[in-house]
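What you see is a predicted model; the values in this text were computed from it and never measured.
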Amino acid sequence: MSLQGKRILLVEDESSIVDVVSQALKRHGFDVMTADNGDDALDMLYPVLPDLVLLDLMLPGMDGWEVCRRIRSSPESRALPIIMMTARRDERDLVQGLELGADDYIRKPFSLVELMARVKSLIRRTQLVQTKPTVSVGDLEIDLEGQIAKFKGEEINLSLTEYRLLRTLAERPGQVVPRERLLSLIWGVYGGDTRTVDVHISRLRKKLAQAGGKSAPTITALRGRGYRIIVEESDEKPEG
């Protein structure tokens with residue numbers, strides 16, 4: 001699958017990082033747009049949506065968290081892939097970014113090899129050609145071509161990563177999928193921080209509950225094993 005010409009919006013206020021990352025992206029065939037603040041980033045976003053946003057957290061004026069929230073709140077851009085970049089070490093900052101809808105994050109200083117791998121992996125997931133029209137679990141229907149999920153005909157507002165998680169579990173109804181497996185399937189990361197999976201699953205659970213209440217499919221966690229999606233109550237006691 002060619003990534004030539006895919007458009008990246010790089011939102012970063014440190015010029016040295018902008019120069020290095022932009023050059024690396026261009027060498028890999030990407031078109032690059034840059035913004036050094038949140039307001040300009042949002043202005044650039046909507047005329048022609050990029051294929052991915054690289055978003056720094058600590059921006060002048062509107063910070064990266066608010067930029068992410070606004071991207072996710074718009075129907076036009078809510079499925080847009082977002083990778084957050086941060087020099088902050090507090091896990092709460094990373095969790096906040098994931099809870100607002102970021103698909104992935106990378107800590108500064110980062111290697112360009114790792115960054116390119118994450119960018120390519122996330123873009124490939126959005127461009128995947130689907131071979132089946134829908135996947136269904138009870139009254140939950142997942143449109144693989146449109147990359148949307150509906151419960152009893154009503155669309156559920158999901159980020160790209162939430163959609164991918166739901167699809168992965170729904171394609172394996174009743175089966176336990178290990179956290180490490182989800183991390184590799186969804187993020188393309190092997191042996192990484194499974195906390196990323198837990199945060200997105202928590203958000204996904206809430207959205208399923210809001211959409212269908214007690215009749216919605218349930219995502220359960222089996223201690224020490226992973227997650228599964230079920231329609232009926234399980235005999236095994238879930239975590240949390």
Side-chain angles (χ1 to χ4, degrees), residues 6-25 30 32-46 49-74 76-123 125-126 157-165 183 186-189 192-204 206:
K6 297 298 183 184
R7 185 178 293 107
I8 308 291
L9 174 57
L10 172 61
V11 190
E12 169 63 65
D13 65 319
E14 293 187 36
S15 59
S16 58
I17 295 178
V18 172
D19 290 343
V20 171
V21 173
S22 293
Q23 290 174 18
L25 289 167
F30 294 106
V32 183
M33 306 185 296
T34 63
D36 61 9
N37 63 80
D39 289 308
D40 286 351
L42 292 174
D43 286 342
M44 297 174 68
L45 192 75
Y46 292 105
L49 286 177
D51 295 286
L52 181 141
V53 177
L54 282 172
L55 178 61
D56 184 34
L57 283 182
M58 304 306 295
L59 297 169
M62 185 190 307
D63 60 33
W65 290 288
E66 178 62 16
V67 174
C68 182
R69 188 192 67 77
R70 295 194 186 191
I71 291 174
R72 287 290 177 254
S73 65
S74 170
E76 295 176 82
S77 57
R78 67 185 180 198
L80 189 62
I82 299 173
I83 298 177
M84 282 189 163
M85 305 180 296
T86 178
R88 298 173 72 100
R89 296 300 171 186
D90 193 330
E91 184 180 355
R92 290 172 297 182
D93 295 322
L94 300 176
V95 170
Q96 181 181 352
L98 294 172
E99 288 182 337
L100 286 170
D103 297 289
D104 198 0
Y105 66 86
I106 189 167
R107 295 180 188 270
K108 297 177 182 177
F110 48 77
S111 75
L112 291 175
V113 172
E114 180 185 6
L115 179 64
M116 291 304 115
R118 288 175 181 264
V119 167
K120 290 178 180 180
S121 175
L122 190 51
I123 289 181
R125 296 202 306 265
T126 68
N157 184 5
L158 300 177
S159 70
L160 174 64
T161 296
E162 291 161 358
Y163 162 82
R164 291 279 296 172
L165 277 170
L183 195 65
I186 309 303
W187 285 269
V189 176
D193 182 5
T194 57
R195 173 63 176 164
T196 302
V197 177
D198 296 335
V199 171
H200 281 89
I201 288 286
S202 177
R203 285 175 52 86
L204 182 55
K206 291 176 183 178

(Q) Are I83 and Y105 packed together at the side-chain level, in the sense that at least one heavy-atom pair is separated by less than 4.5 angstrom? (A) no
Q | Spatial distance of atom CZ (R78) from atom CG (L160) [nearest 0.5 Å] | A | 12.0 Å
Q) Would a distance-only check, ignoring hydrogens and angles, find a side-chain to backbone donor-acceptor pair under 3.5 Å from E162 to S159? A) yes
Q. Counting N and O atoms only, with roles assigned by atom type, does the side chain of H200 sit under 3.5 Å from a partner on the main chain of A102, one being a donor and the other an acceptor?
A. yes
**Q.** Neighbour count above 12 (heavy atom, 6.0 Å) for K206 NZ
**A.** no
Q. Is D103 salt-bridged to R164, going by a charged N under 4.0 Å from an acidic O?
A. no
Q) Would you call L10 and M85 a side-chain contact if the rule is heavy atoms closer than 4.5 Å? A) yes
Q | Main-chain N/O of A87 paired with R107 side-chain donor or acceptor, under 3.5 Å | A | no
Per-pair distances, 0.1 Å, donor-acceptor, side chain in residues 57-66, under 3.5 Å, sequence neighbours excluded:
unit_1 : atom_1 : unit_2 : atom_2 : d
D63    : OD1    : W65    : N      : 3.2
D63    : OD1    : E66    : N      : 2.9
W65    : NE1    : D93    : O      : 3.3
E66    : OE1    : R69    : NE     : 3.0
E66    : OE2    : R69    : NE     : 3.3
E66    : OE2    : R69    : NH2    : 2.6
E66    : OE2    : R70    : NE     : 2.8

Q: Report the C-alpha distance between D56 and K108 in whole Å, list the side-chain angles of each, state the deciding distance to 0.1 Å, and finish with yes or no for side chain to side chain contact (heavy atoms under 4.5 Å, CB included).
A: CA-CA 10 Å; D56 184 34; K108 297 177 182 177; 3.0 Å; yes
Q: Compare all side-chain heavy atoms of I71 with those of L42 and state whether any distance is below 4.5 angstrom.
A: yes
Q) Can a salt bridge be assigned to the pair D51 and R7 using a cut-off of 4.0 Å between side-chain N and carboxylate O? A) no
**Q.** Given V113, I106, L52, the one that forms side-chain contact (heavy atoms from CB on, under 4.5 Å) with R118
**A.** I106
Q: State, yes or no, whether a side-chain contact exists between T34 and V21 at a heavy-atom distance under 4.5 Å.
A: no
Q) Any donor and acceptor pair, going by atom type alone, linking the side chain of S22 with main-chain N or O of V18 inside 3.5 Å? A) yes
Q | Test item: V53 and L45 side chains (from C-beta on) under 4.5 Å apart, heavy atoms | A | yes
**Q.** Exam field: side chain S111 to backbone E114, donor-acceptor pair closer than 3.5 Å
**A.** yes
Q | Heavy-atom check, side chain of C68 versus side chain of L100, under 4.5 Å | A | yes
Q. Given the rule in the side chain to side chain donor-acceptor pair (under 3.5 Å) test, do S77 and Y46 qualify, once you have shown the distances and angles that lead to the verdict?
A. CA-CA 8 Å; S77 57; Y46 292 105; 3.0 Å; yes
Q: Show your working on side chain to side chain contact (heavy atoms under 4.5 Å, CB included) between R195 and V95 and close with a plain yes or no.
A: CA-CA 9 Å; R195 173 63 176 164; V95 170; 3.8 Å; yes
Q | CA sep, side-chain torsions, deciding dist, call: L122, W187, side chain to side chain contact (heavy atoms under 4.5 Å, CB included) | A | CA-CA 7 Å; L122 190 51; W187 285 269; over 6 Å; no
Q.
I want to check something: taking the side chain as every heavy atom from C-beta on, are V11 and D36 in contact at a cut-off of under 4.5 Å?
A. no
Q. Are any non-hydrogen side-chain atoms of L54 and E12 less than 4.5 angstrom apart?
A. no
Q: Check step by step if side chain to side chain contact (heavy atoms under 4.5 Å, CB included) holds for D13 and N37.
A: CA-CA 6 Å; D13 65 319; N37 63 80; over 6 Å; no
